[in-house]
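A short worksheet on the structure shown next.
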Amino acid sequence: LVLTLLGGLGDYPPIHDITTDTKDPPLFSAAVERRGQGSNSLAVKPDTIDAQRESYPDMATLKSPLTLEQAYKRALRSAEALGWEVYRDDLNAGYIEAVDTTAIMGFKDDVVIRVRTNANGTLIDLRSVSRVGRSDLGANAARIHRFIAKFNE
């Protein structure tokens, strides 16, 4: 994972910010205070979105027949079951924010989960952003996939 700092190695795009909603990515709130100086920006960048669409075309909003409250609670339980440290839990706003610390090297990546409804049910979107490094070597996309699998168990 030291290679994460070097970025752009292998078949991974040189990006460190992945989302399930490339048109309206969930935004961080509490993470801003926690990340510290020198962390990667949390600003949504169009070139990153373009690179993600090309590299991870399967990344999409998780749709659920659960009510908003049921989906929110399941999302919160899923994040905790994955070992993420939840530091924002706001059912009224429909947002959860957490940090996942990698087992090797202790890198911290922030995750925001947005839960909202539309006419077809409940929509769950995630965004995972590395605090350091130019490329995450696929770690953020893998983290989102693990969350979706846990949510769907």
Side-chain angles (χ1 to χ4, degrees), residues 1-64 68 71-72 75-76 78-79 82-90 93-152:
L1 286 175
V2 172
L3 299 177
T4 301
L5 295 172
L6 302 176
L9 300 175
D11 291 335
Y12 301 102
I15 56 178
H16 57 267
D17 183 350
I18 301 292
T19 182
T20 57
D21 186 349
T22 57
K23 292 184 175 140
D24 181 22
L27 300 177
F28 288 93
S29 169
V32 175
E33 300 168 9
R34 301 178 66 90
R35 289 173 68 84
Q37 285 187 311
S39 292
N40 288 326
S41 171
L42 292 173
V44 176
K45 299 177 181 166
D47 58 329
T48 299
I49 295 291
D50 292 342
Q52 177 194 315
R53 283 185 184 131
E54 184 176 322
S55 299
Y56 303 104
D58 63 327
M59 199 61 62
T61 298
L62 174 59
K63 297 173 182 166
S64 173
L68 182 125
Y72 183 92
L76 184 59
S78 298
L82 290 167
W84 303 353
E85 176 195 334
V86 174
Y87 55 80
R88 180 183 179 202
D89 171 5
D90 188 344
Y95 275 86
I96 299 164
E97 288 183 66
V99 63
D100 185 24
T101 304
T102 63
I104 300 173
M105 304 287 291
F107 290 123
K108 294 186 179 294
D109 297 333
D110 292 285
V111 182
V112 60
I113 305 167
R114 178 181 64 206
V115 182
R116 58 187 176 172
T117 60
N118 71 6
N120 300 317
T122 302
L123 309 174
I124 301 98
D125 282 297
L126 289 88
R127 185 171 165 215
S128 183
V129 181
S130 302
R131 290 187 182 180
V132 298
R134 190 167 148 241
S135 174
D136 64 10
L137 301 178
N140 287 300
R143 177 176 297 109
I144 290 171
H145 287 301
R146 282 191 305 274
F147 174 89
I148 291 169
K150 180 60 75 177
F151 185 93
N152 285 327

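Small disclaimer: the values here were computed from a predicted structure and weren't measured.
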All heavy atoms of D58 vs all of H145, minimum pair found to be OD2-CE1, 3.0 Å
Do T19 side-chain atoms and L126 backbone N/O form a donor-acceptor pair below 3.5 Å? yes
Tell me the closest heavy-atom pair linking A141 and Y56, and the distance in Å. CB-CE2, 3.5 Å
Consider salt bridge (Lys or Arg N to Asp or Glu O under 4.0 Å). Of D110, D100, D136, which one does R143 pass it with? D100
Closest approach of V129 and S41, non-hydrogen atoms and distance? CG1-O, 4.2 Å
Within the 3.5 Å criterion, strictly below it, is a donor on S130 or N140 matched to an acceptor on the partner's side chain? yes
Under 3.5 Å, is there a donor-acceptor pair between the side chain of Y95 and the main chain of F28? no
Give me the atom names and distance for the closest heavy-atom approach of I124 to T20. O-OG1, 4.2 Å
Answer yes or no: is there a donor N or O on one side and an acceptor on the other, between the side chain of T102 and the main chain of F107, under 3.5 Å? yes
Salt bridge (Lys or Arg N to Asp or Glu O under 4.0 Å) partner of E97, chosen from R127, R35, R88, R114: R88
Taking all non-hydrogen atoms of both residues into account, name the closest pair between F147 and A75 and its distance. CE1-O, 3.5 Å
Output, in order, the C-alpha distance, side-chain angles, deciding distance and verdict of side chain to side chain donor-acceptor pair (under 3.5 Å) for T61 and D21. CA-CA 6 Å; T61 298; D21 186 349; 4.7 Å; no
